[in-house]
Number of protein chains: 2
Amino acid sequence: MANPVIFGEIPGIKEGQHFKGRKEMMENGFHRIWAAGIDGNRNEGVAAIVLNGGYIDDQDYGDEIIYTGVGGNSPSSKRQVDHQSWDITQNAGLKRSMTEGLPVRVIRGYKHKSPFSPTSGYVYAGLFRVTECWTEEGKDGYDICRMRLRYQGDNDHTHQEVGDIDAGKNSERNYRTSTTTSVVRDSHVARLVKAMHNYTCQVCGTTIKTAEGYKYAEGAHIRPISDPHKGADNLGNMLCLCPNHHVMLDLGIYSISDGYELLGEMTGKLNTISKHQIDPENLKYHRKSHGYDRT
Amino acid sequence: MANPVIFGEIPGIKEGQHFKGRKEMMENGFHRIWAAGIDGNRNEGVAAIVLNGGYIDDQDYGDEIIYTGVGGNSPSSKRQVDHQSWDITQNAGLKRSMTEGLPVRVIRGYKHKSPFSPTSGYVYAGLFRVTECWTEEGKDGYDICRMRLRYQGDNDHTHQEVGDIDAGKNSERNYRTSTTTSVVRDSHVARLVKAMHNYTCQVCGTTIKTAEGYKYAEGAHIRPISDPHKGADNLGNMLCLCPNHHVMLDLGIYSISDGYELLGEMTGKLNTISKHQIDPENLKYHRKSHGYDRT
């Protein structure tokens with residue numbers, strides 16, 4: 001495949017759009033490789049997946065999908081006949097998408113059994129994020145690669161349990177508990193700032209790396225974007241930080257001078273690069289918010 | 001005050017319960033000090049607050065409250081006549097409740113103007129968590145101590161903007177973005193495990209401390225509690241970690257042997273204490289989930 005994987009929204013294709021068949025979707029890079037179901041690879045990450053009834057362990061709750069990786073599957077029976085492995089490039093790519101916070105386009109096909117599936121053809125379900133990867137024993141007794149995908153868009157989806165033969169057992173599932181997840185979901189700007197700094201914390205120089213070499217960092221807003229702060233979600237208001245220094249920034253344990261010196265409980269200087277310009281107004285806002293600039 | 005501050009739910013008092021007057025609420029430690037509006041202090045944290053129209057900058061959105069600290073306020077006019085400070089014990093206590101993840105009981109009084117307020121007396125609105133503290137200039141031109149409180153219970157509240165004279169301006173507020181907050185909200189068990197380990201990371205020994213000496217750590221589930229993992233929310237399934245080692249545990253960058261050796265990208269041993277017993281089944285589940293136990 002010479003063409004690179006294309007991440008995020010594709011111009012002209014909206015969430016909810018219907019496609020009659022596979023060919024229509026391949027034209028503009030929306031989903032390039034149909035045979036695999038997963039468009040992506042270990043080096044770039046995965047940009048799109050199709051749910052189309054190929055794996056019996058898949059579960060679809062609308063805004064949350066428990067997805068099964070590729071491999072070990074009999075195309076005729078759809079059953080697992082062998083273990084899956086994270087060494088397979090598509091599975092590794094989904095792990096990369098998780099670690100680096102890349103968006104994944106989800107497409108539901110007519111063979112996928114869920115209330116969210118089309119009766120014919122395919123439907124674009126919107127952007128999701130891989131929030132968790134793990135190995136478990138599937139229904140056929142073989143290890144399978146599993147991923148949790150969470151919807152990232154603004155449309156309401158009924159969070160309904162389907163496609164699971166044990167549905168009755170799970171009526172007590174508590175989604176509120178998922179707020180304790182520690183991996184931070186990022187915006188497009190956050191992905192950009194992390195890539196610019198090569199996932200290295202601008203405060204301590206730490207890079208969190210997986211065994212596969214994938215990197216994790218967080219995009220941290222200097223001036224919070226929530227009300228009443230109304231900070232901008234742009235590069236001038238964002239730092240690339242490790243989780244510890246993200247929490248500490250949010251708690252005001254340190255702040256940053258206009259000359260990028262670390263203030264408060266920290267010493268030293270913020271690591272900066274010329275192509276990433278920070279707006280001094282945001283630094284000033286943070287200092288004021290946390291008592292570093294006294295009037 | 002000789003009696004200690006009591007955190008969390010009070011037996012016999014349910015969310016939504018109505019109280020005719022202040023005296024009724026003081027009997028069982030539900031809210032001990034009425035004059036202040038804030039029950040708590042810098043050394044223990046704050047366990048309960050009352051919203052009753054005392055501060056013009058307060059904003060109430062139902063499941064989210066932007067609260068104003070105490071001080072600098074004229075009791076007669078309810079206007080700010082001076083700056084507030086985080087040095088005041090109640091304000092410091094709210095910061096402690098944030099850093100250490102303590103639950104705060106919220107009570108709405110009849111003088112508080114919001115659709116969630118009672119027409120007479122007081123209503124217990126449930127448990128909230130302080131998720132953010134900052135200083136800003138209030139409507140009267142003085143610095144005020146501000147806190148964001150988020151509802152932690154299971155009941156639906158209309159997320160509606162009220163009590164803000166600039167309500168029209170804020171129609172574009174985007175709550176989805178609040179998922180990027182880096183401070184993790186914790187369960188009762190998480191608070192317990194953090195206290196047992198004195199907020200010290202069991203992997204690296206780090207303690208994140210504020211200038212006031214308040215500590216931050218995270219309670220991390222070894223076996224995730226979400227479906228399909230269904231891990232228990234108890235001490236045997238919980239570690240006290242810094243945010244970095246929490247993320248790395250969730251990503252499977254390291255795992256832990258039954259003898260508490262760190263596996264994978266880490267070396268060394270988990271710091272354990274005899275009164276905190278970890279269930280080896282949960283360690284096994286984590287190893288299996290992330291490919292450390294090969295079959």
Side-chain angles (χ1 to χ4, degrees), chain A residues 59 66 83 86 98-99 132-137 143 146 148 152 154 170 173-187 190 206 208-211 216 218-221 224-229 233 241-244 246-253 264-265 288-291 295, chain B residues 59 66 83 86 98-99 132-137 143 146 148 152-154 170 173-187 190 206 208-211 216 218-221 224-229 233 242-244 246-253 264-265 288-291 295:
Chain A
Q59 289 164 272
I66 313 287
H83 295 304
W86 291 102
M98 170 186 67
T99 312
E132 197 187 348
C133 290
W134 70 95
T135 305
E136 69 177 51
E137 197 179 289
D143 283 356
R146 297 282 263 173
R148 186 188 310 275
Q152 299 292 310
D154 291 321
N170 295 328
R173 61 205 336 265
N174 181 358
Y175 285 96
R176 188 162 290 277
T177 55
S178 69
T179 58
T180 58
T181 194
S182 63
V183 174
V184 169
R185 276 162 275 171
D186 281 327
S187 68
T206 294
I208 292 176
K209 256 188 221 167
T210 69
Y216 178 86
E218 295 178 1
H221 291 102
I225 54 176
S226 56
D227 267 2
H229 311 295
D233 190 28
L241 298 176
C242 71
N244 281 0
H246 188 178
V247 164
M248 291 167 73
L249 181 77
D250 286 358
L251 293 176
I253 292 177
E265 302 297 298
K288 169 82 180 169
S289 289
H290 297 289
T295 42
Chain B
Q59 290 165 270
I66 312 287
H83 295 304
W86 290 102
M98 171 185 68
T99 313
E132 197 186 348
C133 289
W134 69 96
T135 304
E136 69 177 50
E137 198 179 290
D143 283 356
R146 296 283 263 172
R148 186 189 308 278
Q152 299 293 309
D154 290 322
N170 295 328
R173 60 206 336 267
N174 181 358
Y175 284 96
R176 187 164 287 279
T177 55
S178 68
T179 58
T180 58
T181 193
S182 63
V183 174
V184 169
R185 276 163 275 172
D186 280 327
S187 68
T206 293
I208 292 177
K209 256 189 225 167
T210 69
Y216 179 86
E218 295 178 1
H221 292 103
I225 54 176
S226 55
D227 266 2
H229 310 296
D233 190 27
C242 71
N244 281 359
H246 189 177
V247 164
M248 290 166 75
L249 182 76
D250 286 358
L251 294 176
I253 291 176
E265 302 296 301
K288 170 81 182 172
S289 289
H290 296 289
T295 41

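Values below: all heavy atoms of this structure, side chains included; hydrogens, waters and symmetry mates excluded. Proteins come first, then strands; the chains are lettered A, B, ... in the order of their sequence lines, and each starts at number 1.
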Does the side chain to side chain contact (heavy atoms under 4.5 Å, CB included) test come out yes or no for B:His229 and A:Glu132, once each step is laid out? CA-CA 11 Å; B:His229 310 296; A:Glu132 197 187 348; 2.7 Å; yes
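- The shortest side-chain heavy-atom distance between A:Gln59 and B:Asp227 does not fall under the 4.5 Å cut-off.
- Among A:Thr135, A:Ile253, A:Asn244, A:Thr206, the residue making the largest number of heavy-atom pairs under 4.5 Å with chain B is A:Asn244.
- Closest heavy-atom contact between B:Met98 and A:Leu251: CE-CD2, 3.5 Å.
- In this structure, CH2 in B:Trp134 is found 12.0 Å from CG in A:Asp250, a value given to the nearest 0.5 Å.
- Inspection of the A:Ser226 and B:Arg148 side chains reveals an N or O donor paired with an N or O acceptor under 3.5 Å.
- Looking at A:Cys133, only its backbone comes within 4.5 Å of chain B, counting heavy atoms on both sides.
- Atoms CE and OG1, on B:Met248 and A:Thr210 in that order, are 10.0 Å from each other to the nearest 0.5 Å.
- Distance check, rounded to the nearest 0.5 Å: CD of A:Glu136 to NZ of B:Lys288 gives 10.0 Å.
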